[in-house]
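Here's the structure, in structure tokens; my notes come after.
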Amino acid sequence: MAAFFYMVHSSLNPALVSQRAVQRLPRWALLLFCAAYVLPGLFGRDPWRNADVTAFGYMVGIADGRTSWWMPTVGGVAADPAPVPYWLGAIFIRLLDPWIDPALAARLPFAMLLVAVLALTWYAAYHLARTEAAQPLPFAFGGEADPVDYARAMADGALLALIATLGLLQLGHETTPELTQLACVALYIYAMAASPARGMSPKLAVMIGLPALAGSGAPSIALALGLAGSLVCVRSDYPIVRRFTPWVAGATALTAVIATALDLWSLKIGSYDALDSVTAVARQWLWFLWPAWPLALWTLWRWRRHILNRHIAVPLSCAAVTAAASVVMGGLDRVLMLSLPAFALLAAFALPTLKRSTSAAIDWFSVFFFSLCAIAFWVIYASLQIGFPARPAQNVVKLAPGFVSEFSSLALLLAAAGSLAWVWLVRWRTGRNQHALWKSLVLPASGVALCWLLLMTLMLPVLDYARSLRPLVTRVAQHVPPDSCIAAPRLPRSAWASLEYFGGYRVDGMAGAADTRCSYLLQPEAKAEKHLTPPGWKLVARVKRPTDRTEWVAIYQRVPSSAIRPNARRSTTR
């Protein structure tokens, strides 16, 4: 009878876990993982080009009083309808001024948001693993995993899977609205996972998460998540989860009302004009979601009879909504980032069903790949500091002319400590007496944390030199006096924000050469092409960032009207 009971239930539930396999990851080790992942990149760098410095430009503009809180602008152009993230950065800049640099002050709340994402993912996995359908099979003669210990081990695995994903590495350390959106999505997933729990925490979480997601610039995704969550709750077998449906529906309705009242609706539809763009999106998914996506697919196969159960339905519905939104928007990686907590949860439920050969393959791939990356960072660092080997330093000089290497004893100490910890972890993991569920994700997560630590310590000076727009502003300042008005309608918003913050200029990003009242005009151009000088302006210089090959910026100065020849003036007025 016991054998028959085991055979019937094993066909329905694939998890077969002993008590020995659910040992907890030591809390100090888990906190050290998180610190090694969150803290590097927080200090000692400028806001980087594109979205990072653009969002910072809105924040510092609000904090300095140069633009309104409700409609922040950079270069006179309003931001997308997502004021909440800019308010966070501006508030911290004001609170910490003048003790902390504005760039660091703006990054602090977003580092807290990243910590919140990690914590919410852990608790969501814990609550989902506590459900009856997610629990492992009971053994015929005892010895199966304790439910609470099993849930904690699964939560540790989900957290390690999230840290190991490559897509979160850079985007998770920027001061952009997408990180606020990610925290809101993680809060929503936690609310859905903890819906059977007593108290107001899951109800408050869903009532805050979805409206805040809309206020952070993703009202369409918030509405879709609310509808999917309502469907999951309605179809649940648990009466307490079904009673959670009005809360999810109410949060969804509140989100729609707020988005409509504040005119927050926005949906960017992408285009796929060629096969190359479609394959590019596929390649993006392969590396962006690694290593969570193969484990998530394995989960869907092994738990296919449990697709409608909450421990699979909640992360699957969230992953489907956010991944579909990324596809609709042309494969935007910043939208795809919102699916990472859900993919991490799905990956965690693959751990009880992994074969030993699969786990060993993940370990050896992680050891080989991340050790090779770490060695490469150390070789480049040695070349920059002591000149041996010489070739890496020569390549850096070619790619970043003008860069001067800096030495930091603190950076060297941190990098050495991280490297030694990696060696210890590899030795620990390759031992034959490790049985914990989360063991397969220790090396991928620690390898990502190690490479990020080395990148933000050993490689930070050259990386900051290459990614910051400060060198470009410094070259512009050689030809444009301080406090000047600069018209730059064809430059990106990141350039406007950098000119305003690093150079202290007044930037007009809307008016062109014929309409602006500014005395200086900046226009992008290719060095090899011949560009006509706009009427009424004279070319002062052409400058570029040291790491740019083809992108130049032409600096023009307005010619006084008395200096324009009569013939030229008449031809201009025709």
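Along the sequence shown, the residues carry numbers beginning at 1.
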Quiz item: Can you list the steps and then say if Cys485 with Cys518 is a disulfide (SG to SG under 2.5 Å)?
Solution: CA-CA 5 Å; Cys485 179; Cys518 294; 1.9 Å; yes

Self-check item: Donor-acceptor pair, side chain of Tyr188 and main chain of Leu225, under 3.5 angstrom
Solution: yes

Practice problem: Report the C-alpha separation of Trp48 and Asp464 in whole Å, then their side-chain angles, then the decisive distance to 0.1 Å, and conclude whether the side chain to side chain donor-acceptor pair (under 3.5 Å) test is met. | Solution: CA-CA 7 Å; Trp48 287 343; Asp464 194 41; 2.9 Å; yes

Quiz item: Within the distance-only criterion (no hydrogens, no angle test), does the side chain of Arg107 pair as donor or acceptor with the backbone N or O of Phe43 below 3.5 angstrom?
Solution: no

Quiz item: Angle class for the Trp87/Trp70 ring planes (parallel below 30°, perpendicular above 60°, tilted otherwise)?
Solution: tilted

Quiz item: Quick check: does any side chain N or O of Gln385 sit under 3.5 Å from a backbone N or O of Ile380, one acting as donor and the other as acceptor?
Solution: no

Exercise. Using modelled atom types only, decide if a donor and an acceptor are shared between the side chain of Ser498 and the backbone of Ser494 within a distance under 3.5 Å.
Key: yes

Quiz prompt | Expected output: side-chain Trp537 to main-chain Leu521 donor-acceptor under 3.5 Å | solution = no

Quiz item: Heavy-atom count around Met112 CE within 6.0 Å, excluding the residue itself: above 12?
Solution: yes

Quiz item: How about Thr260 and Trp265: does a side-chain donor come under 3.5 Å of a side-chain acceptor?
Solution: yes

Quiz item: Taking atom types as modelled and ignoring hydrogens, do the side chains of Thr67 and Thr73 form a donor-acceptor contact shorter than 3.5 angstrom?
Solution: yes

Quiz item: Okay, side chain of Gln523, backbone of Ala554: is any donor-acceptor separation there less than 3.5 Å?
Solution: no

Quiz item: Rounded to the nearest 0.5 Å, what separation is found between the CD1 atom of Ile62 and the CD1 atom of Ile91?
Solution: 9.0 Å

Quiz item: Can you check whether Gly536's main-chain N or O pairs, donor with acceptor, with Arg558's side chain at less than 3.5 Å?
Solution: no

Self-check item: Check: Trp452 side chain, Pro40 main-chain N or O, donor-acceptor pair, under 3.5 Å
Solution: yes

Practice problem: Might you work through the side chain to side chain donor-acceptor pair (under 3.5 Å) test for Thr175 and Asp52, ending with a clear yes or no? | Solution: CA-CA 6 Å; Thr175 55; Asp52 192 22; 2.9 Å; yes

Exercise. Calculate, to the nearest 0.5 Å, the distance between atoms CG and CG belonging to Leu120 and Leu159 respectively.
Key: 11.0 Å

Quiz prompt | Gln284 side-chain N/O to Gly331 backbone N/O, donor-acceptor pair under 3.5 Å | solution = yes

Quiz item: Does the pair Val335 and Ile221 meet the rule for a side chain to side chain contact (heavy atoms under 4.5 Å, CB included), with working shown?
Solution: CA-CA 9 Å; Val335 180; Ile221 297 177; 3.9 Å; yes

Quiz item: Side chain of Trp293, backbone of Phe343: donor and acceptor closer than 3.5 Å?
Solution: no

